[in-house]
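The structure appears below as structure tokens.
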Amino acid sequence: MKNTLLFVMLLTLTLSFTTAAYGHVHGQGELFVSQHKQTWLLQFVLPSADLLGFEHTPKSDSEHQAIQQLAARFADHTQIIAFNEACQLDSIKHSLQTPSQHTEQANAHHDIELEYYFTCPNTVEQVSVLLFKWATSLTHIKAQWLNQQDQGMQKLTAAQPTITWSF
Ligand SMILES: [Zn+2]
């Protein structure tokens, strides 16, 4: 019961993290990793410009197609993240298909939010971000984590895409 409450608090914390602390900069994303027992939540906030190449609401056929291709990529979590242990994907949520809350301004910036829930029966010691391989304009992701033993922060890049915990 106490742990469930803690997890709810973690979720609230991560939500305020994504809405309050994030500054939209092209080439830079954010990742928040949180753990409750066997449940792991990974939340990304990524500039639409880096993942789609545009930030406005899709208008042309090719822009709609780009969104569908990106959604298919998100659905295949092996293109996004990897654990050092076998983990089972429970659910994916992203902001791609939901209508944009943006006002239609010519210069409006847009972020994509992406969440994965996993069940990991064994101790996870490493998480790697794989999207640098195809989102090549992304220079770094600021990762923060809060798991059962540790909390911290690390800048992830294509050259160093892995968080390692030593328990
Ligand atoms: Zn932008």
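Numbers here are sequence positions counted from 1. All ligand and atom numbering here is 1-based and tracks the order in the structure.
The two atoms that bring Glu55 and His110 nearest to each other are OE2-N, 3.0 Å, heavy atoms only.
Residues Asp111 and His24 bring a donor and an acceptor atom of their side chains to less than 3.5 Å of each other.
Here the N, O or S atom of His109 that is nearest to the Zn ion (ligand 1) is ND1. For Glu55, the N/O/S atom at the shortest distance from the Zn ion (ligand 1) is named OE2.
For residue His24, an N/O/S atom approaches the Zn ion (ligand 1) to within less than 2.8 Å. Contact annotation: Asp111 places no N, O or S atom under 2.8 Å from the Zn ion (ligand 1).
A donor-acceptor pair under 3.5 Å links the side-chain atoms of Glu63 to the main chain of Lys59, judged by distance alone.
In this structure, Phe83 and Phe118 have side chains that are in contact, with non-hydrogen atoms separated by less than 4.5 Å.
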